[in-house]
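Note that these values count all heavy atoms, side chains included, but never hydrogens, waters or copies made by symmetry.
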Amino acid sequence: MMPAARESLLDAACTALARRPWSAVRMVDVAAAAGVSRQTLYNEFGSKDGLARALVRREADGYLAGVERALAAPGEPRERLTAVVEWTSSLAGENALIRAMLTGCWSEWLPAPPLAAVRSASSVPAQRRADGALPTPRDFVRIVRDRAVTALTGPAATAAELTRPCELVVRLALSCVAAPPAEGGGMAELVRAVVPGQAV
């Protein structure tokens with residue numbers, strides 16, 4: 001199957017999930033919405049659980065791609081870290097799957113595949129990847145912290161100096177997901193409070 005068709009199926013699953021709980025989402029409806037046969041859907045994902053894993057993997061990858069964009073933007077390190085917090089808070093506010101992944105709080109409405117790797121019989125590379133371990137909240141802390149350290153290391157600060165401040169900022173971002181700041185709460189001020197002085 002072409003990657004575009006796989007994306008169409010995942011988009012259709014997302015749309016269905018916005019309207020009804022995952023338990024009520026039917027594979028036949030997802031296939032019809034994407035304009036493919038139900039057999040094609042099963043060939044691609046293997047099962048509804050496989051579809052759920054692929055959906056979670058895609059949302060996690062999309063979140064991390066946004067983190068990379070925030071870190072690659074021009075600006076001072078503190079501004080780029082603020083952008084990571086803002087991206088995390090904004091996306092989690094809009095996307096219940098991202099919110100569940102970052103907090104570990106899965107509602108009955110959402111698919112909640114096991115985060116441990118599952119045995120994969122798929123011949124589809126993207127599905128074999130989705131069948132691998134899915135990130136836990138602790139994994140996201142480590143991944144985003146390490147990406148921030150790599151992006152910000154330079155003449156002004158070494159990786160060793162950046163590791164703790166970057167982890168604090170990631171944990172701040174996750175706390176904003178779990179307990180959003182008041183409307184208009186400035187993320188830059190929060191980042192400055194968590195990472196004072198010349199730490200970054």
Side-chain angles (χ1 to χ4, degrees), residues 14 52-107 109-118 126 129-200:
C14 262
R53 294 187 71 81
L55 194 55
V56 169
R57 171 54 66 190
R58 182 179 78 159
E59 297 306 300
D61 289 348
Y63 164 66
L64 292 172
V67 167
E68 292 281 2
R69 286 191 300 273
L71 291 169
E76 295 298 316
R78 192 178 276 145
E79 293 170 340
R80 289 150 72 189
L81 288 172
T82 299
V84 169
V85 177
E86 289 171 341
W87 164 250
T88 301
S89 180
S90 170
L91 186 64
E94 301 166 359
N95 187 317
L97 264 179
I98 293 293
R99 191 162 54 252
M101 280 188 270
L102 294 177
T103 62
C105 298
W106 296 82
S107 77
W109 188 276
L110 298 173
L115 298 181
V118 297
R129 181 167 180 263
D131 288 339
L134 298 171
T136 66
R138 181 177 292 176
D139 293 331
F140 279 114
V141 170
R142 176 184 49 78
I143 293 166
V144 177
R145 177 201 67 202
D146 291 351
R147 290 186 184 189
V149 169
T150 299
L152 301 178
T153 296
T158 66
E161 294 168 325
L162 287 168
T163 298
R164 179 139 179 82
C166 286
E167 178 158 337
L168 287 172
V169 168
V170 176
R171 291 186 180 279
L172 168 68
L174 297 193
S175 75
C176 288
V177 170
E183 196 66 35
M187 296 297 180
E189 290 79 6
L190 288 171
V191 172
R192 275 198 296 274
V194 170
V195 189
Q198 301 301 313
V200 291

Could you grab the distance from atom [atom1] of [X] to atom [atom2] of [Y], nearest 0.5 Å is fine?
X	Y	atom1	atom2	value
Y63	I143	OH	CD1	9.5 Å
C176	R171	SG	CZ	14.0 Å
E86	E79	CD	CD	10.5 Å
S89	L102	OG	CG	10.5 Å
L71	L81	CG	CG	6.5 Å
L134	R129	CG	CZ	9.5 Å

Any donor and acceptor pair, going by atom type alone, linking the side chain of [X] with main-chain N or O of [Y] inside 3.5 Å?
X	Y	value
T103	R99	yes
R80	A70	no
R58	R53	no
E59	V56	no
E161	T158	yes

Quick one, [X] and [Y] - any side-chain contact, counting heavy atoms below 4.5 Å?
X	Y	result
D131	R57	no
P111	L97	yes
W106	M101	yes

**Asked** Residues two or more places apart in sequence or in another chain: which of them pass side-chain contact (heavy atoms from CB on, under 4.5 Å) with V170?
**Response**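 Once residues adjacent in sequence are excluded, the partners of V170 under the side-chain contact (heavy atoms from CB on, under 4.5 Å) criterion are V141, V144, R145.
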Give the minimum heavy-atom separation between [X] and [Y], together with the two atoms involved.
X	Y	value
G104	P137	N-CG, 3.5 Å
A60	I98	N-CD1, 4.3 Å
T136	L115	CG2-CD1, 3.7 Å
T163	A159	OG1-O, 2.8 Å

**Asked** Are R142 and D139 within salt-bridge range, i.e. N to O under 4.0 Å?
**Response**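 Salt bridge: yes.
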**Request:** Count the heavy atoms of every other residue, nucleotide or ligand shown that sit under 6.0 Å from CD of E76, and state whether that count exceeds 12.
**Result:**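 It does not: E76 CD has 12 such atoms or fewer within range.
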